[in-house]
Structure formats: C-alpha cells, structure tokens
Protein chains: 2
Amino acid sequence: MHQKRVTLADVAKAAGVSRTTASLVLSDRGDELRISEPVQQRVRQVAAELAYRPNAASQVLRTGLSRTFGFISDTVATSQLAGDMIKGALEGARRHDHMLFIGESEGSEDEQARLIQAMVDRQVDGIVIASMFTRERPVPSGVGRPLVFLNTVPAEPRAQVPVVIPDEIGAGRAAARALLDAGHRKIHLIGAGPTLDDVPPLTIAGRERLEGILQELGGAGLEPASGRRCGIWLPEDGWRATAALLRSGVADGAILCFNDRLALGAYQAIQEAGFRVPQDFSVVSFDDHQLAGWLRPGLTTVALPHYELGRRAIDALLAPAAAAAGVERVPMPLRARGSIAAPGAAADAH
Amino acid sequence: MHQKRVTLADVAKAAGVSRTTASLVLSDRGDELRISEPVQQRVRQVAAELAYRPNAASQVLRTGLSRTFGFISDTVATSQLAGDMIKGALEGARRHDHMLFIGESEGSEDEQARLIQAMVDRQVDGIVIASMFTRERPVPSGVGRPLVFLNTVPAEPRAQVPVVIPDEIGAGRAAARALLDAGHRKIHLIGAGPTLDDVPPLTIAGRERLEGILQELGGAGLEPASGRRCGIWLPEDGWRATAALLRSGVADGAILCFNDRLALGAYQAIQEAGFRVPQDFSVVSFDDHQLAGWLRPGLTTVALPHYELGRRAIDALLAPAAAAAGVERVPMPLRARGSIAAPGAAADAH
DNA sequence: AGGCGTTGCTAACTCGGTTTAGCTCGACGG
DNA sequence: CCGTCGAGCTAAACCGAGTTAGCAACGCCT
C-alpha cells in the first residue's frame with residue numbers, strides 16, 4: 001500500500017546534481033548560495049515532474065519544527081460552540097501553514113497530561129488548552145513548548161501563560177444596554193443575580209456577565225427588577241425560573257437570560273402562559289447558539305466569538321513570548337434579532 | 001523555550017550500554033534479543049529517572065509509521081453532530097494509541113487535496129474522509145494510505161473504499177413503526193414525500209429515510225396521508241410546511257419530520273395554531289439533535305449515531321484491506337421521548 | 001607567475017531513533 | 001588443544017531531509 005515516495009535524493013539524481021544543491025534550490029536558498037539559474041530551473045522542473053514532496057518526519061527531525069499545533073479541549077461535543085472554536089483554530093493553523101492535532105481531556109488532568117505528552121513527543125510547535133465554558137485550570141508544567149489558555153484562566157495568579165477569553169463583562173453591558181435602549185426599566189434576570197453573590201459556582205462567565213449587567217444598569221440608576229439563580233443553565237432550568245416569575249404576577253417587561261438555553265426555556269414558559277415575545281416580554285441572552293436563529297421570533301443574543309477565540313489562540317502561540325503573556329479579551333458582538341420590543345408594545349397593539 | 005530533550009543516547013550512556021541495547025530494551029525486544037535481566041532493569045530505571053521520551057519524528061522516519069490518523073470533514077461547525085463524530089474518532093484513535101489530525105475542506109476538492117497532501121507528508125497511517133450529511137463524493141486518487149469514507153458514498157460505483165454510513169432505511173422504518181405502534185394511520189410527512197420522486201436533490205439520507213418509511217407503511221397497507229418536500233431542512237421550512245398542512249384543514253394525526261430542525265418548525269406551527277403536542281399531533285423525526293431533548297414535550301427521534309460512526313471509521317482504517325472494503329451500516333436507535341401519543345388523545349381528555 | 005577573490009557546487013556531518021550483521025567471551029565436546 | 005555453539009552485547013548502516021565547511025575552476029591584479 002505504501003508506495004515508494006520520491007525523495008530528495010531521487011530528485012537530485014534525476015537532475016544530475018547533489019542532494020545539497022537540490023535541497024538548497026527547493027528551500028529557496030538557491031540565490032543566497034549562488035546556484036546558477038539554469039540548475040535551479042532544472043531542479044525545480046524535475047521536482048515537479050516527479051511530484052516530489054519532502055518527508056515531514058525528516059524535516060522535523062532535523063529542524064525541530066513540525067508545522068503542527070495541538071489543541072486540547074475538555075470536551076468537544078457539547079455543542080456547535082466547540083465546533084466553531086475548533087474551526088477558528090483550524091483556520092488559524094491553515095494561515096500559518098500548520099496542521100492541527102486535537103485531543104479531548106474529558107476534564108481529566110491525567111488524560112490531559114497524556115495528550116500533552118503525545119503531542120510534545122510529536123514535536124508540536126505549540127499547544128492550546130481550551131475549555132468549553134470559561135473556568136480556572138492549573139497550568140501544566142514542563143511542557144517546553146508555547147502554551148495558550150483558551151476560554152480558560154490559570155488557577156495560579158502569576159502564571160506566565162497567554163490567555164484568550166471572551167469579554168464577558170462587555171457582553172453583560174451590551175445585553176443590558178440593548179434592553180435599556182429599547183426603553184425597558186423592569187429587567188428580570190434568569191440564571192443569576194440579582195446581586196453578585198447569586199452566581200452559580202465555578203462559572204466565570206456568570207460572574208462577569210452579571211458584573212457587566214449591574215454596571216450598565218447602575219449607570220442608568222437602576223437595579224434588576226428580580227433575579228433567579230439557576231445551578232445549571234439548561235432549558236428546563238430557564239423554563240422553571242421563568243414560570244415562577246410569571247406566577248409571581250409579572251405580566252410584562254424584559255427578561256435577560258444568562259445563556260440561550262435558558263432563553264429557550266423562557267420562551268416556552270412565556271408561550272405556555274399565553275404571553276408573547278416580544279409584545280409582552282422582551283428577551284435577550286448570551287452565546288448565540290445556533291438555536292437562537294431558529295426560535296420564533298429570533299432571539300437577540302450576545303454572541304460568544306468562538307471562531308475568533310480559536311483563531312486568536314493559534315495566533316498567540318506564534319507571538320513572541322513577551323508580547324503574548326497576558327490576557328486577550330475578545331469582544332462579544334450583539335446579534336440583534338426579533339426578541340426585543342419597546343415596553344408596552346402589547347398594550348399599544350390593542 | 002525548547003529545552004534539550006533527553007535522547008536515547010543519553011539513556012544509553014547513563015546506563016552504560018550501547019544505543020542498540022537501550023533501544024531493544026525500551027521497545028520490549030530485550031528478551032527476544034537476549035538482553036540480560038539486570039541490564040534491562042538498569043536501562044528501564046535510567047529511562048524513567050531521566051523521563052526519557054522517544055522522539056516521534058525519528059521513529060516515523062525510520063519505521064514509516066506515525067501513530068497518527070487524519071480526519072477530514074467537509075465542515076466541522078454545522079452542529080454538535082460533527083462534534084460527536086470527531087469525538088468518536090478521537091476515542092477510536094485513543095484506543096489504538098494514535099493521535100488525530102483534523103482538517104476541514106469546506107466542500108472544496110482543492111482544499112481537500114491540500115489537506116490530504118499535508119497529512120500524507122506527515123506520514124499519517126490512514127485518513128477518514130467525512131461528510132456532515134450523507135452524500136456522494138469522488139474518491140481521491142494516489143493517496144497511498146488506507147482511506148475510509150464516513151457518512152459519504154463513493155461517486156464511482158466500483159471504488160474500493162471502505163464506507164461507514166448510518167442505516168437510514170432502518171431509521172425510516174423505525175420512525176414509521178413508532179407511529180404505527182401508537183395506533184396512527186394518518187401520517188403526514190414534512191421534508192420529503194409522499195413518493196420517492198419527492199426528495200431534495202443530493203441527499204441520500206432523505207431518499208433512504210423515505211424508502212424505509214414507505215416500506216414500513218406499505219407493510220401495514222398504508223401510504224403517507226400527505227407529504228411536503230422542503231428544499232432545505234431548516235426550522236423555518238418545517239414551520240412553513242406544517243403551517244400549510246394545518247391550513248389545509250388537518251386538525252390531528254401524526255407528523256413525521258425528516259430531521260429535528262424541521263420538527264422544531266413543526267412544533268412552532270402547531271403551537272401557534274393552538275394545537276398541542278402530543279395530544280393533537282404526534283411528532284417524530286430524525287437526528288437526535290441536542291435540541292430534541294430541550295423541546296417541550298421532548299421530541300422522539302431516530303438518532304444519528306455520530307459517535308459510533310466516528311469510532312468505527314477509525315477502526316476500519318486499521319482493518320485488513322480485504323475485510324474492510326464494503327459498506328458498513330451503523331444502526332440508528334430510536335430515542336423515545338414525549339412527542340408521541342395515541343391518536344384521539346385530545347378528544348379523550350375532554 | 002603567483003596570490004586573491006569569486007562563482008558554483010558538493011562531501012560529509014547531523015537530527016534520534018531502528019535494525020542488521022557480527023563480535024567477544026566462556027563453556028563444552030571430541 | 002582446537003573447534004563449535006550460544007549467550008550477551010555492540011558497531012555501523014539507515015531513514016530523508018537540513019546545514020557547515022570547503023573544494024575546484026576561473027578571472028583579475030600586480
């Protein structure tokens with residue numbers, strides 16, 4: 001099956017030159033080392049005719065550079081979000097003419113260590129350690145290659161690792177601002193809040209989104225009208241919290257969900273209670289899950305820039321160490337769809 | 001940054017033996033080539049103390065085996081389905097102690113050729129060519145490595161490529177059977193049908209699912225009560241088709257959607273028209289998108305076994321060529337949730 | 001004529017493993 | 001006392017590139 005590959009020696013022989021000459025020409029150092037133009041042309045032509053391709057293993061062995069990156073995430077399958085992050089990383093790798101190894105640690109430090117080891121054995125030029133939701137992780141030691149944390153914050157405060165994370169505080173502000181701009185003053189939080197103490201544990205996104213929200217509301221002299229913390233942010237949690245909110249007598253206003261899955265639950269509860277989005281309730285949330293575009297009406301949401309995150313993480317691997325160390329916050333853009341209306345829209349319509 | 005790695009020569013010197021001996025011991029050929037037990041122990045201990053790791057590039061160069069597979073899909077990000085497939089492939093690779101390169105061709109044959117080239121340059125031991133929805137693709141030539149088509153059918157009928165695809169016909173039967181078993185006789189198709197001519201172009205899944213449905217209905221002496229072909233299978237298409245169905249006067253029965261996104265649209269149309277799932281309409285579909293578990297009621301759907309597909313594709317890469325050539329159909333299991341009830345359930349409830 | 005610089009190319013070493021062929025030493029048989 | 005055999009190990013070749021040091025031929029200058 002493995003047919004014989006054409007080697008540099010084959011090209012050299014066919015072109016009637018030494019391996020050295022062939023190597024120099026094909027790595028574009030021919031001019032630098034004064035190989036005559038006719039010889040260069042001949043070598044190039046022969047190489048093309050024989051469809052010569054250098055053996056990467058050999059280049060790696062000699063140069064120590066593999067044109068390869070590693071990408072380790074704690075879980076790949078959670079959603080298309082992970083896919084987008086990988087997609088961004090792939091594009092980043094492509095731009096630098098690298099290939100990408102991927103691995104999944106399932107959250108296990110042992111498995112992660114195994115993957116790092118396997119990648120380092122293969123001489124990767126750098127490794128991205130990614131999480132699917134923003135959280136703290138210890139920095140693996142003794143890797144000996146450039147390392148970047150993606151959507152992940154080093155557990156050690158003074159760690160010298162470049163970090164790429166979404167700007168969740170800005171996102172919180174943007175979500176709140178969208179509702180304020182529409183004229184809303186009664187804003188109910190689903191997922192966390194109303195105060196900074198009411199945040200699910202371990203989630204950095206939750207805390208920072210809430211910070212941003214409170215900042216922006218505070219700037220307008222407001223506080224959340226209510227807030228309900230959910231331990232996990234699944235649709236059913238959003239449904240439950242929203243149903244409780246409606247049962248408490250709230251009949252209109254704005255609902256700010258901490259992610260799109262919660263918002264799906266909110267939609268369901270609102271519809272089941274006979275209210276409508278956006279006439280009775282404006283809804284806004286975070287993530288820009290694929291789902292957001294599928295709901296009726298489309299869900300306005302602050303997008304997690306997964307693609308950008310992936311791409312920038314790869315770029316950070318190649319940045320000079322001095323420039324790279326530090327936290328890069330990638331902006332989260334608002335995706336306006338149809339779930340926000342001015343308050344009182346339902347009354348106006350009558 | 002790249003600290004000096006410990007090499008085999010270092011281990012050999014520290015253990016006071018030759019590189020040959022160290023190599024033999026560490027590749028477990030020590031007994032075979034009669035290296036004495038004390039020497040073996042010393043070599044192993046020194047290797048462990050120095051944290052010796054063989055340089056994969058060098059092994060690849062010598063042996064031609066890289067312990068690496070390639071996985072090329074046409075698109076990664078479409079949904080978590082792709083993620084599951086990759087996850088399965090990762091698990092498959094892990095079991096064989098391989099790493100996984102991934103690449104995305106975006107549907108371009110040129111880009112795919114580039115990726116194959118880059119992977120072959122890196123001496124991968126095999127390549128999986130995957131599609132995110134089942135379709136025909138030409139078989140790349142001259143790869144010189146084992147190749148497996150995943151969720152992809154060779155355009156050339158006589159191509160010698162192992163193929164791993166989901167059993168869509170069985171899935172069609174299972175979906176229809178689930179409705180028949182609940183007592184339904186009036187089954188409306190959303191996405192394709194009512195006859196085999198009414199299938200969106202290029203989608204093998206559509207044709208085969210329909211075949212299975214028609215087979216199973218035919219076995220019960222039935223035909224679809226109606227069928228609506230949709231060019232694309234997005235929620236909005238499902239919403240439009242279902243809304244049209246309801247406007248035509250249909251007020252109860254069973255709706256069989258060709259995928260979960262269409263089913264989401266169907267849910268929306270049903271709810272907006274004031275009907276309920278499953279009391280007025282039973283709904284069943286295909287894919288087991290994450291969404292299916294989030295809907296209220298949960299959507300009963302025939303799952304695409306993406307994880308299994310990915311895993312088996314990797315296994316097929318390592319199967320002996322004779323055994324591997326041919327089509328492997330992976331079963332699609334029914335995920336029963338709450339969207340199917342007996343017909344007339346709404347009337348009974350009154 | 002001899003020395004010097006330039007042009008154009010190559011021999012030989014290197015990376016870090018695997019593998020083949022063979023060497024050395026002691027025991028044993030005849 | 002010599003030859004043979006097996007145990008236990010190693011020298012050296014090899015995989016396919018990149019890289020360093022330097023050689024041969026030629027022209028030019030003095």
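Each chain gets a letter, A, B and so on, in the order the sequences are listed, and its residues count up from 1.
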Notebook entry, point to check: OP1 or OP2 of dC9(D) sitting under 4.0 Å from any side-chain N/O of S36(B)?
Noted result: yes
Note to self: As a test of reading the structure: which of dT10(D), dA17(D), dG17(C) is closest to the side chain of S18(B), going by heavy atoms?
What the structure shows: dT10(D)
Next item on the list: Determine, step by step, whether T68(A) and L100(A) satisfy the side-chain contact (heavy atoms from CB on, under 4.5 Å) criterion, reporting the C-alpha distance in whole Å, the side-chain angles of both residues, the deciding distance to 0.1 Å, and the verdict.
Entry: CA-CA 6 Å; T68(A) 290; L100(A) 196 67; over 6 Å; no
Check: Considering only side-chain heavy atoms of T21(A), which listed nucleotide, dG17(C), dA17(D), dC9(C), is closest?
Finding: dC9(C)
Note to self: Does either side chain, that of D74(A) or that of Q112(A), offer a donor lying less than 3.5 Å from an acceptor on the other one?
What the structure shows: no
Check: Rounded to whole angstroms, how far apart are CD1 on I35(A) and C1' on dT19(D)?
Finding: 13 Å
Next item on the list: Drop me the distance from R95(A)'s CZ to L90(A)'s CG, to the nearest 0.5 angstrom.
Entry: 12.5 Å
Next item on the list: Mind calculating the distance between CG (N55(B)) and C1' (dT18(C)) to the nearest angstrom?
Entry: 13 Å
Item checked: Q40(A) CD - dC9(C) C1' separation (whole Å) -> 12 Å
Checklist line | Closest approach of P140(A) to I129(A) (non-hydrogen atoms, all atoms of both residues) | finding: CG-CD1, 4.4 Å
Item checked: Distance below 4.0 Å between Y52(B) side-chain N/O and dG17(C) OP1 or OP2 -> yes
Next item on the list: Select base, sugar-phosphate, or nothing to describe what L8(B) touches, counting heavy atoms under 4.0 Å on all strands.
Entry: base
Margin query: Nearest whole Å is fine: how far is dA13(D) C1' from R62(B) CZ?
Written below: 8 Å
Check: How does each nucleotide of nucleotides 20-28 of chain C score, in 5' to 3' order, for protein heavy atoms under 4.0 Å: base (B), sugar-phosphate only (S), or none (-)?
Finding: B--------
Margin query: By the definition side-chain hydrogen bond (donor to acceptor under 3.5 Å, both in side chains), identify the one residue from R42(A), E37(A), R44(A) that meets it with Q40(A).
Written below: R44(A)
Margin query: From CG of D10(A) over to P of dC15(D), roughly how many Å is that when rounded to an integer?
Written below: 11 Å
Check: Among the nucleotides dC9(D), dA17(D), dG17(C), which one has an atom lying closest to any side-chain atom of V39(B)?
Finding: dC9(D)
Note to self: Looking only at side-chain N and O atoms, does S18(B) offer a donor or acceptor that is under 3.5 Å from a partner on T21(B)?
What the structure shows: yes
Item checked: Interatomic distance where CZ belongs to R122(B) and C1' belongs to dA17(D) [whole Å] -> 15 Å
Next item on the list: Give the C-alpha distance, both sets of side-chain angles, the deciding distance and a yes or no for side-chain contact (heavy atoms from CB on, under 4.5 Å) between V17(A) and V43(A).
Entry: CA-CA 8 Å; V17(A) 298; V43(A) 170; 4.0 Å; yes
Note to self: Any side-chain N or O of T63(B) below 4.0 angstrom from OP1/OP2 of dT18(C)?
What the structure shows: no
Notebook entry, point to check: Between R5(B) (CZ) and dG17(C) (C1'), how many Å, whole number?
Noted result: 11 Å
Next item on the list: Could you tell me whether the side chain of R19(B) has a donor or acceptor atom within less than 3.5 Å of a complementary atom in the base of dG17(C)?
Entry: yes
Next item on the list: Starting at atom CZ of R67(B), determine the distance to atom P of dG17(C), rounded to an integer number of angstrom.
Entry: 15 Å
Notebook entry, point to check: For dG16(D), does OP1 or OP2 lie under 4.0 Å from any side-chain N or O of Q59(A)?
Noted result: no
